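Accompanying notes for the structure given below.
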Protein chains: 2
Amino acid sequence: MDDNSIFIEKLRVSGLRPTKQRLEICKLLFDRKKTFHFSINELAEIFKKERKKKISLATLYNTVHSFKKKGFLKEISVNSEKSYFDTNTSNHHHFLDVNTNELIDLKKDDVDKIRIKKILPGKKIKSIEVLVKIENSN
Amino acid sequence: MDDNSIFIEKLRVSGLRPTKQRLEICKLLFDRKKTFHFSINELAEIFKKERKKKISLATLYNTVHSFKKKGFLKEISVNSEKSYFDTNTSNHHHFLDVNTNELIDLKKDDVDKIRIKKILPGKKIKSIEVLVKIENSN
DNA sequence: ATGTAGATTATAATGATTCTAAACTAGTGT
DNA sequence: ACACTAGTTTAGAATCATTATAATCTACAT
Ligand SMILES: [Mn+2]
Ligand SMILES: [Mn+2]
Ligand SMILES: [Zn+2]
Ligand SMILES: [Zn+2]
């Protein structure tokens, strides 16, 4: 019923031991259809209130950062109040709803291809990301 | 020789008293041709090391935040390590040089107009900003 | 000149993140 | 099955950026 084998493999392959805590975190983060955007504090809240699992805050910090280092998560900076992590590690664009502070993924074809006309000598483009702030109309 | 009258007026109009400290900060921030991107800590360093003026850190925080509230500065979030303020308060795009952590403004015509095809019901677009990460080529 | 709201500052408090080091555990080998 | 060890978790302490406090100072209106 709880099939952790995918996550166990994912962790093993990347050189991380599949511990009870890491598997719980994997299930929460990666066992879903849509992208999940979260802060570490929200993660802690979910484990405490919704799932009633006690994983120490230190472990949440450690795990999220090692997942980021392994490329399972991406960090997104959209404002100074909050640091978001994103289960969608591809290059992609976002809506940020400024009324709710919610991040929403944009699909490739939701945005026309961005063309940058300026080049800096000795530099090359690494990534291009668009942040579209939205707010309640009317 | 140091013509503060513009800044005195700017501050008065916005309801801020033109104090010695605020005028020093204005001169540093706004008396330049190119956009200036900075962190509050960098600002403190400049006053201490380059200009030999002692403005307390509390005043720097207060002033930068009130300038932001008055619309003289804009806060830019590009990574979790550092919070940048920007003397260019218009909607504009940036290069971020990941090797130096330097922000560089893109002009309107450096980037083709962005077209967002997705709409969320009850929401409208407030701003669109592109972050182009660049790195050393070769 | 005086009065006062606003501003500056040293210092303390806060709070998010990181560090420490002791206890625990997954995986290996016997 | 048992023991060993490197890796992991954890409570609590340390750190550090930012914000709050409250005493002093100042711009400016009267
Ligand atoms: Mn701030
Ligand atoms: Mn981080
Ligand atoms: Zn995303
Ligand atoms: Zn800028």
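Order of the sequence lines fixes the chain letters, A, B, ..., with proteins taken first and strands second; residue numbering starts at 1 for each chain. Predicted model, so just to flag it, every value in this text is computed and none were measured.
For the pair B:Asn41 CG and D:dT15 P, the computed distance is 18 Å after rounding to whole Å. Taking atom CG of residue B:Asn62 and atom P of nucleotide D:dT26, one finds them 17 Å apart after rounding to whole Å. In this structure, B:Arg22 atom CZ and D:dC28 atom P are separated by 10 Å, rounded to whole Å. In this structure, the NZ atom of A:Lys20 is 10 Å from the P atom of D:dT9, given to the nearest Å. If you measure from atom CD1 of B:Ile55 to atom C1' of D:dT26, you get 15 Å, rounded to the nearest angstrom. Regarding A:Ile25, its CD1 atom lies at a distance of 12 Å from the C1' atom of D:dT8, rounded to whole Å. Across the protein-nucleic acid pair, B:Glu9 atom CD and D:dA27 atom C1' stand 15 Å apart, rounded to whole Å. Taking atom CG of B:Leu23 as the reference point, atom C1' of D:dT26 lies 13 Å away to the nearest angstrom.
At the heavy-atom level, A:Thr19 lies under 4.0 Å from the strands shown only through sugar-phosphate atoms. The residue A:Lys54 sits close only to the backbone: its heavy atoms come under 4.0 Å of sugar-phosphate atoms, none of a base.
Contact annotation: B:His65 side-chain N/O to D:dT19 OP1/OP2 distance is under 4.0 Å. The phosphate of C:dA26 (OP1 or OP2) has no side-chain N or O of A:Arg12 nearer than 4.0 angstrom. Between B:Tyr61 and D:dT18, a side-chain N or O to OP1/OP2 separation shorter than 4.0 Å is present. Look at A:Gln21 and you'll find a side-chain N or O under 4.0 angstrom from OP1 or OP2 of D:dT10.
The side chain of B:Thr59 lies closest to C:dT8 when the candidates are D:dT8, C:dT8, C:dG27. For A:Ser56, counting side-chain heavy atoms from C-beta on, the closest listed nucleotide (D:dA11, C:dT9, D:dA27) is D:dA11. Out of D:dT10, C:dA26, C:dA10, the shortest distance to the side chain of B:Ala58 is found at C:dA10. Each of C:dT9, C:dG27, D:dT10 was ranked by its minimum atom distance to the side chain of A:Arg17; first place goes to C:dG27.
One finds a salt bridge joining A:Asp112 and B:Lys117 here, because a Lys/Arg side-chain nitrogen approaches an Asp/Glu carboxylate oxygen to under 4.0 Å.
Remark: B:Lys27 fails to qualify as a cation-pi partner of B:Phe7 under the 6.0 Å distance and 45° angle criteria applied to the six-membered ring. Taking the ring axis of B:Phe72 as reference, the NZ or CZ atom of B:Lys10 stays within 45° of it and closer than 6.0 Å to the ring centre.
Comparing B:Leu57 and B:Leu16, the nucleotide of DNA chain C nearest to each residue sits closer to the 5' end for B:Leu16.
A donor-acceptor pair under 3.5 Å is formed between the side chain of A:Asn62 and the backbone N or O of A:Ala58.
Taking the six-membered ring for Trp and thresholds of 30 and 60 degrees, B:Phe67 and B:Phe30 have ring planes inclined between 30 and 60 degrees apart.
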